[in-house]
Amino acid sequence: MACWREDDHLYIHGARQSRLVLALQAVDASVCITHLDGLVFARAAFRHSMNYRSVVIHGRFASVAEPVAKARAMTAFIEHLSPGRSAVARPPSPAELAATTILRLPLHEAAAKIRDGGPVDQNEDVSLAVWTGVIPCRAQFLAAQPAADGDGLPVPSLPVGAAP
């Protein structure tokens, strides 16, 4: 599910009648987000690990129902995906907004964890002739693939920090 952060809230959106969207409004929830940065190989298989960044957020989702706030949240989502895109793409129609639920979760109860670095071998394993190190992993945006009925307009901006 797509999510974005705005100020001190995590936002998600989904279909108005989605079972998940309805359930998230009725109970406390935990959201876990992890970004894999690399595989870490030690000399002993038990010591293999991963480099990552992760967060767990706990709380109660609330619906963003007021029309102006809902439209503003959708604009923030589009800007998260592609800065400047909301200025050129057609905004959601009233019917599209009505069919969509936007939920927000305060970031008051959140814990982040990062694992970064190389393998941690035990002293007795250091003499083993086994490759050790990190194989980095990254998600990246590739070359844009225009729609068949596209009209040759420029490719939209990528999210902040994305490599073209």
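When reading the values below, keep in mind they use all heavy atoms of this one structure, side chains included, and skip hydrogens, waters and symmetry mates.
Taking CE from Met74 and CD from Glu96, the interatomic distance works out to 8.5 Å, rounded to the nearest 0.5 Å. For the atom pair CG (Leu105) and NE2 (His9), the distance works out to 8.0 Å, reported to the nearest 0.5 Å. The distance from the CZ atom of Arg104 to the CD atom of Glu6 is 8.5 Å, given to the nearest 0.5 Å. Separating the CD atom in Gln25 from the CG atom in Leu20 is a distance of 10.0 Å, to the nearest 0.5 Å. Within the model, atoms CZ of Arg85 and NE2 of His80 stand 15.5 Å from one another, a figure rounded to the nearest 0.5 Å.
Residues Ile102 and Phe77 fail the side-chain proximity criterion, which asks for heavy atoms closer than 4.5 Å. Under the 4.5 Å side-chain criterion, counting only non-hydrogen atoms from C-beta, Pro67 is not in contact with Leu97. Here the side chains of Tyr52 and Lys113 are in contact, with some heavy-atom distance below 4.5 Å. Ile33 is listed as a side-chain neighbour of Cys3, based on a closest heavy-atom distance under 4.5 Å. The side-chain heavy atoms of Arg47 and Thr132, taken from C-beta on, include no pair separated by under 4.5 Å.
Criterion: ILVMFWY side-chain heavy atoms under 4.5 Å apart, direct or through other members. Under it, Val64 and Leu24 are not part of a common hydrophobic cluster. Hydrophobic cluster membership differs between Phe46 and Leu128, with clusters built from Ile, Leu, Val, Met, Phe, Trp and Tyr side chains linked at under 4.5 angstrom.
Within the 3.5 Å criterion, the main-chain N or O of Gly117 finds a donor-acceptor partner in the side chain of Asn51. No donor-acceptor pair closer than 3.5 Å links the side chain of Arg60 to the backbone N or O of Ala62. In terms of modelled atom types and a separation under 3.5 Å, the side chain of His48 and the main chain of Ala42 share a donor-acceptor contact. Looking only at distances, a side-chain donor or acceptor of Arg43 sits under 3.5 Å from a matching main-chain atom of Val126. Remark: the backbone N or O of Ser18 is not paired with any side-chain donor or acceptor of Arg16 at under 3.5 angstrom. A donor-acceptor pair under 3.5 Å is formed between the side chain of His58 and the backbone N or O of Ala29. Between the side chain of Glu109 and the backbone N or O of Ile57 there is no donor-acceptor pair closer than 3.5 Å.
In this structure, Tyr11 and Trp4 have parallel ring planes: the angle between them is below the 30° cut-off, well short of the 60° mark.
Of all heavy-atom pairs spanning Gly118 and Val40, the tightest one is C-CG1, 3.7 Å. Heavy-atom minimum distance, Lys70 versus Ala65: CD-O, 4.5 Å. The nearest pair of heavy atoms linking Leu10 to Phe61 is O-CE2, 4.4 Å. In terms of heavy-atom proximity, Thr34 sits nearest to Ser54 at OG1-CB, 3.5 Å. Here the closest non-hydrogen pair linking Val56 and Cys32 is CG2-SG, 3.9 Å. In this structure, Leu107 and Ala110 approach most closely via the heavy-atom pair O-CB, 4.1 Å.
A salt bridge is defined here as a Lys NZ or Arg NE, NH1 or NH2 lying under 4.0 Å from an Asp or Glu carboxylate O, and Arg53 with Asp37 meets this definition.
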- Hey, mind stepping through Asp121 and Glu124 against side-chain contact (heavy atoms from CB on, under 4.5 Å) and telling me if it holds? CA-CA 8 Å; Asp121 285 310; Glu124 60 268 17; over 6 Å; no
- Candidate pair Val130 and Phe41, rule side-chain contact (heavy atoms from CB on, under 4.5 Å), full reasoning: CA-CA 9 Å; Val130 176; Phe41 292 95; over 6 Å; no
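Within 6.0 Å of atom CD in Glu66, more than 12 heavy atoms from other residues, nucleotides or ligands are found, so the atom counts as buried in its surroundings.
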